[in-house]
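Take a look at the structure set out below.
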Number of protein chains: 2
Amino acid sequence: MKTIPLILMGCGGVGRQLLQHIVSCRSLHSQQGLNLKVVGVCDSQSVVASADFLNKGLDDSFLLELCRVKLGGSSLSKLGDFGECQVFAHPESQGKILDIAAQLGKSTGLVFVDCSASSDTITVLKQVVDKGCCIVLANKKPLTSKMEDFNKLFTYPRRIRHESTVGAGLPVIASLNRIISSGDPVQRIVGSLSGTLGYVMSEVEDGKPLSQVVRAAKSLGYTEPDPRDDLGGMDVARKALILARILGRQINLDNIQIESLYAEEMGPNVMTVEDFLNHGILLLDKDIQARVEKASSNGNVLRYVCVIEGSRCEVGIQELPKNSALGRLRGSDNVVKLLLSPPSSCKWQLEIYTRCYSDQPLVIQGAGAGNDTTAAGVLADIVDIQDLFP
Amino acid sequence: MKTIPLILMGCGGVGRQLLQHIVSCRSLHSQQGLNLKVVGVCDSQSVVASADFLNKGLDDSFLLELCRVKLGGSSLSKLGDFGECQVFAHPESQGKILDIAAQLGKSTGLVFVDCSASSDTITVLKQVVDKGCCIVLANKKPLTSKMEDFNKLFTYPRRIRHESTVGAGLPVIASLNRIISSGDPVQRIVGSLSGTLGYVMSEVEDGKPLSQVVRAAKSLGYTEPDPRDDLGGMDVARKALILARILGRQINLDNIQIESLYAEEMGPNVMTVEDFLNHGILLLDKDIQARVEKASSNGNVLRYVCVIEGSRCEVGIQELPKNSALGRLRGSDNVVKLLLSPPSSCKWQLEIYTRCYSDQPLVIQGAGAGNDTTAAGVLADIVDIQDLFP
């Protein structure tokens with residue numbers, strides 16, 4: 001039986017789902033000769049660690065209790081010290097994590113699993129790289145900050161996995177890494193990397209005003225609390241940056257040309273969400289409608305995509321043939337289903353053009369968001385690095 | 001620098017392409033800290049091995065010369081003994097391979113790469129499993145013979161990779177393994193797994209007689225020399241069997257319901273290829289045309305697919321909605337391109353339905369055949385097992 005000790009950072013929706021997956025996969029993993037041992041869990045303030053982390057992980061009933069506490073909105077510090085675990089609050093917590101990393105990293109191995117959405121984890125992640133630890137990320141931030149942070153985290157490229165940073169559990173990073181290691185040069189990547197923007201663009205294609213579509217999307221829970229977080233394109237740009245950096249481009253977020261669907265004077269520093277939804281966005285309807293009609297008169301449709309090709313890395317609206325794979329991609333095939341489904345069911349598609357896939361790209365399509373599939377991607381990453389453990 | 005010693009079995013199109021990829025990726029792999037050391041190459045009769053295989057592989061100029069000799073149709077035995085290599089003919093050859101496996105398997109590790117299309121490799125592969133060797137397959141036969149052979153080869157599941165047995169380099173097996181290890185239950189797999197049959201079905205959909213389509217496909221080099229090898233569905237069935245077995249089904253080829261496009265009385269034992277193409281196949285035109293028309297009147301199209309669901313594992317013609325992903329899949333988007341392209345450009349598509357991908361499946365689409373992409377998939381597999389090597 002091979003043991004993989006891990007520390008989970010972040011117990012929001014994805015982190016909690018991961019813990020539940022780990023618990024429910026116990027017998028499956030045991031059949032595969034694997035034991036995932038959760039030795040610590042962190043939220044933004046505290047860390048809960050197994051008192052005897054060299055020999056034992058936190059037990060499953062405790063992990064599920066922890067999920068309940070976090071779901072209820074409480075801090076980990078509320079768990080208090082049990083016999084088998086200890087709680088460390090800030091600023092002690094960071095020292096404790098590094099202590100565990102130092103003790104486990106080089107001997108049995110240790111995985112840091114970052115399911116947070118914070119930039120605050122970067123400092124710790126960079127430190128544990130040198131302690132022999134592995135890193136598995138769902139969090140995009142550590143890979144989209146400074147280039148030197150990215151390079152530091154990739155000091156040992158076999159010891160970092162990050163499938164769920166782009167397209168949740170969709171096998172995008174795994175596939176791209178296979179292509180790269182086989183020496184098949186990637187010529188172009190084109191993708192619709194946001195379920196929310198995919199939905200918005202296919203709805204405006206049907207003639208609905210942008211303002212109405214965005215308000216509906218927000219009320220369906222399809223958007224971030226401030227829909228400008230989706231409409232600004234920054235989330236797509238982060239995904240594009242990760243893809244470009246994997247391809248070897250030494251670039252930063254500000255090297256990416258990002259088209260925002262709203263004007264600067266409607267930004268969060270200028271108007272409230274309510275003002276934006278009730279007034280600002282109305283001013284955008286006419287222009288987007290005109291663009292939709294112009295595209296349509298060319299037999300094309302508008303899609304919000306990322307394009308990576310040569311030194312070009314852009315995210316924004318592109319006019320694409322109605323009959324192309326991306327042109328045919330709709331927010332959902334079925335409106336009724338869409339109304340009943342979480343935003344994760346919005347389709348996501350990536351096309352990779354290489355020497356082997358030149359005329360017809362390698363296409364990966366599916367649900368590219370959602371806690372369940374994101375956590376599944378993280379879990380597959382953890383299982384995939386098992387050969388690095390003794 | 002990590003060294004991965006390997007023995008290549010089979011130097012037909014895929015094997016030769018693999019050797020060329022290995023040679024041309026030298027600097028890429030070296031940047032990744034990897035050295036792929038080819039210690040032996042086998043064809044059906046002979047093995048050429050590095051004389052000092054414990055320390056040195058065959059050198060690159062020799063490997064390229066070997067490719068030229070094989071491309072010219074000669075046997076490996078024609079290479080003769082050079083200073084740094086030795087040639088062993090049958091029946092000595094098998095003993096030599098096992099000798100290398102015994103010496104390298106447990107110490108530095110050794111990969112057996114099977115790019116042949118033969119059942120003859122199974123005996124050796126089963127033996128080297130116990131000697132600590134890894135296995136990478138493009139050859140479907142070892143995984144589609146008896147269930148006990150499959151189980152033997154999977155004694156150490158982390159030591160076997162076989163991406164290119166299903167859909168060439170398309171990341172099908174890697175993706176399926178990720179889904180399985182994350183505990184996401186696979187509910188259904190539906191795929192169009194044959195570029196040739198994909199082409200044939202979309203051409204008959206356009207109203208062309210089957211006989212004419214098959215004759216044209218043969219003259220374009222899209223089919224096997226005897227097109228019945230494609231039309232019989234056995235190749236698709238082998239792929240379906242591999243997928244089903246990965247999902248844990250303990251079944252054999254004869255548990256798969258296979259629909260052949262030609263009648264038994266037109267089989268290879270009854271009539272020649274010429275007779276089949278000039279007479280036999282004409283008798284099939286009417287029936288297939290009637291089925292196409294019936295499907296069309298229901299708004300559907302016919303596709304030759306594999307379906308794996310519950311205990312069901314079938315390959316054959318299915319009536320699918322014109323607007324479904326598989327219904328929209330065409331042999332090629334562009335007839336002119338198709339005429340200029342190798343059969344590998346015929347599209348291939350797999351849909352995987354799981355808990356995470358329920359309403360909208362995970363879709364993988366692209367060229368699912370061709371020596372270049374098949375060899376690229378094999379190479380990615382080899383690189384992917386590097387963590388098993390010291």
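Heavy atoms only: backbone and side chains are in, while hydrogens, waters and symmetry mates are out. Labels below follow one simple rule: chain letters A, B, ... track the order of the sequence lines, proteins then strands, and each chain is numbered from 1.
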I need the [X] [atom1] to [Y] [atom2] distance, nearest 0.5 Å.
{"X": "His21(A)", "Y": "Cys356(B)", "atom1": "NE2", "atom2": "SG", "answer": "5.5 Å"}
{"X": "Asp184(B)", "Y": "Thr373(A)", "atom1": "CG", "atom2": "OG1", "answer": "7.5 Å"}
{"X": "Tyr357(A)", "Y": "Asp372(B)", "atom1": "OH", "atom2": "CG", "answer": "9.0 Å"}

**OP:** Take Val363(B) and Val363(A) through the side-chain contact (heavy atoms from CB on, under 4.5 Å) test and state the conclusion after the steps.
**Re:** CA-CA 8 Å; Val363(B) 180; Val363(A) 180; 6.0 Å; no
Subject >> chain B contact via Ala174(A) - which portion, at a heavy-atom distance below 4.5 Å >> reply: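 When you check distances to chain B, only side chain atoms of Ala174(A) fall under 4.5 Å.
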Subject >> Heavy-atom contact with chain A under 4.5 Å, split by part of Leu28(B) >> reply: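 Just its side chain gets close to chain A.
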Original post:
Using non-hydrogen atoms only, which part of Asn177(B) is less than 4.5 Å away from chain A: side chain, backbone, both, or neither?
Top reply: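 Answer is neither: Asn177(B) stays 4.5 Å or more from chain A.
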Original post:
For chain A, which residues from residues 150-158 of chain B lie under 4.5 Å away (heavy-atom distances)?
Top reply: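 Within residues 150-158 of chain B, the residues under 4.5 Å from chain A are Arg158(B).
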Subject >> Residues in salt bridge (charged side-chain N to carboxylate O under 4.0 Å, His left out) contact with Arg161(B), at least two apart in sequence or another chain >> reply: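 In terms of salt bridge (charged side-chain N to carboxylate O under 4.0 Å, His left out), with neighbours along the sequence ignored, Arg161(B) is linked to Asp384(B).
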Subject >> Selection from Asp381(B), Val378(B), Leu388(B), Ile179(B) maximising heavy-atom pairs under 4.5 Å formed with chain A >> reply: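 Sorted descending by pairs with chain A, the first entry is Asp381(B).
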**OP:** Write down the atom of Ser181(B), the atom of Val383(A), and the distance for their closest heavy-atom approach.
**Re:**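 Taking every non-hydrogen atom into account, CB-CG1, 3.6 Å.
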**OP:** Can you see which heavy atom on Cys25(A) is nearest to which on Ser182(B), and at what distance?
**Re:**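 Heavy atoms only, the tightest pair is SG-O, 3.7 Å.
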